[in-house]
Amino acid sequence: MEVENRKIVLKWFITGAPKETDMEVKEGDKIILQVPEEAKGAVLVKNLYLSCDPYMRGRMREYYESYIPPYQPGSVIEGFGVCKVIDSTDPNFTKGDLVSGMTGWEEYSLIRSTDKLRKITTTDLPLSYHLGLLGMPGFTAYAGFHEVCLPKKGDFVFVSAASGAVGQIVGQLAKLHGCYVVGSAGSKQKVELLKNKLSFDEAFNYKEESDLEATLKRYFPQGIDIYFDNVGGPMLDAALANMRVHGRIAVCGMVSQNSFSDMQGIHNLYTIVKNRVNIKGFLQSDYLHLYPKFLDCVEAYYKEGKITYIEDVSEGLESAPGALVGLFSGRNVGKQVVCVAKE
């Protein structure tokens, strides 16, 4: 059976923040719903949900020295997705399996490298949750908080971009660990969400603060033990100035820098020496051996009502460029996903 396969392609390498016009919906391509004979060990999938993540902006520029290569102009954008197997020549997957992993931003994808595909066995939660709560962002929060931050009960914890896919989970894990938690976000709505729905002790709108260093001093008069950094830039500067002795900073992302081709430097570095601060960048892939433990833990927390999860779902493949661009202006509330098709 041959069907049309709409795709989202990158038109050119970008500088600055991504725009919807940097991408286009390509129509007219056809695909046969069968794995080609020469593609041994491959699977053909129908894409159901696609994940929008800040790291994808880095793949839209012509830079080859990162941990993941750039997209190529004219090629299909790829990212994490939840898919249904249509056909398979890999003995580990059969027609009808639900899987999560790296896929194309298109209606159907032929996945030749299946070693990182995961079968979805938890079917009593929404499938889209496997791109957030039970997926890469949730695992990033879990591994970063427990393995990099090394929390202790009673620690004072600050989380930036706290209402996003990673930040919302970090804050709740910290509260479950017995920490005092403050988050920053970019709107009044998100601040109220952090305090009233996600169990943060306090939260503030960084856009309303003229002096971030003074702001953090106000919320942490005793200093910060743990800073989970999702934004970098001036917020990292301010956090460094407020760290306690033997504080820990987990650098997860620097979304404030994603619109710059030339990265901004940071200040207040002497604090690292004076207060013996441990600052460490990490990728969730460094800790994949912990993934089964993470799934058991976070799934149980969610089902017991100990964790709340918020996602922002855009409908239709054609909405994907706008959904991705919205990440960099704070338009989304919670984890941003795109629903391509219902199962």
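One-based numbering along the sequence shown. The model shown is predicted, which means the values in this text are computed figures rather than measured ones.
Under the 30°/60° scheme for interplanar angles, the aromatic rings of Phe220 and Tyr180 are found to stand perpendicular. Note: His289 and Tyr287 have tilted aromatic rings, judged against thresholds of 30 and 60 degrees for the angle between ring planes.
Considering only heavy atoms from C-beta on, Asp229 comes within 4.5 Å of Val231 through its side chain. Taking 4.5 Å as the limit, every side-chain heavy atom of Asp237 sits out of range of all side-chain heavy atoms of Leu212. Using a 4.5 Å heavy-atom threshold, the side chains of Leu48 and Cys339 count as separate. No side-chain heavy atom of Tyr142 sits under 4.5 Å from any side-chain heavy atom of Val170. You'll find the side chain of Val338 stays beyond 4.5 Å of the side chain of Leu317, heavy atoms only. You'll find the side chain of Ile279 reaches within 4.5 Å of the side chain of Ile272, heavy atoms only. Residues Leu50 and Val337 form no side-chain contact, since every pair of their non-hydrogen atoms from C-beta on lies 4.5 Å or further apart. At least one side-chain heavy atom of Ser51 sits under 4.5 Å from a side-chain heavy atom of Lys335.
A distance of 12.5 Å separates CZ in Phe145 from CD1 in Ile169, rounded to the nearest 0.5 Å. To the nearest 0.5 Å, atoms CD1 (Ile307) and SG (Cys297) are separated by 7.0 Å. In this structure, NZ in Lys116 is found 13.0 Å from CD1 in Ile111, a value given to the nearest 0.5 Å. Atom CG of residue Leu240 and atom CD of residue Glu213 lie 9.5 Å apart, to the nearest 0.5 angstrom. In this structure, the separation between NZ on Lys152 and CG on Asp225 is 6.0 Å, given to the nearest 0.5 Å.
A salt bridge is absent between Glu2 and Lys30; no separation between the charged side-chain nitrogens and carboxylate oxygens falls under 4.0 Å. For Asp90 and Lys40, the salt-bridge test fails: no basic side-chain N is under 4.0 Å from an acidic carboxylate O. The pair Lys19-Asp22 counts as a salt bridge, with a side-chain nitrogen and a carboxylate oxygen less than 4.0 angstrom apart. The existence of a salt bridge linking Lys95 and Asp87 is excluded, since no basic side-chain nitrogen approaches an acidic carboxylate oxygen closer than 4.0 Å. Using a 4.0 Å cut-off between charged side-chain N and carboxylate O, Arg59 and Glu78 make a salt bridge. A salt bridge does not link Lys280 with Glu147: none of the charged nitrogens is closer than 4.0 Å to a carboxylate oxygen.
Residues Tyr219 and Phe204 bring their aromatic ring centres within 6.0 Å. A distance of 6.0 Å or more separates the ring centres of Phe158 and Phe228.
Using a distance-only test at 3.5 Å, with no hydrogens or angles considered, a donor-acceptor pair links the side chain of Asn47 to the main chain of Glu106.
No continuous path of ILVMFWY side-chain contacts below 4.5 Å connects Phe282 to Ile249, so the two sit in separate hydrophobic clusters. Under a hydrophobic clustering in which Ile, Leu, Val, Met, Phe, Trp and Tyr are joined whenever their side-chain heavy atoms come within less than 4.5 Å, directly or via other members, Leu216 and Leu269 fall into the same cluster.
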Trace of the salt bridge (Lys or Arg N to Asp or Glu O under 4.0 Å) decision for Lys188 with Glu192: CA-CA 6 Å; Lys188 181 179 179 181; Glu192 292 304 313; over 6 Å; no
Start with the C-alpha distance between Arg244 and Asp155, add both sets of side-chain angles, then the distance that settles salt bridge (Lys or Arg N to Asp or Glu O under 4.0 Å), and finish with yes or no. CA-CA 10 Å; Arg244 299 180 81 182; Asp155 275 346; over 6 Å; no
Between Lys303 and Asp124, is the salt bridge (Lys or Arg N to Asp or Glu O under 4.0 Å) condition met? List the steps. CA-CA 10 Å; Lys303 289 181 176 179; Asp124 56 345; 2.8 Å; yes
Determine whether Lys7 and Glu107 satisfy the following criterion, salt bridge (Lys or Arg N to Asp or Glu O under 4.0 Å), listing intermediate values before the conclusion. CA-CA 7 Å; Lys7 305 176 179 183; Glu107 292 176 305; over 6 Å; no
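Geometrically, Arg118 engages Tyr291 in a cation-pi contact, judged by NZ or CZ lying under 6.0 Å from the ring centre and within 45° of the ring axis.
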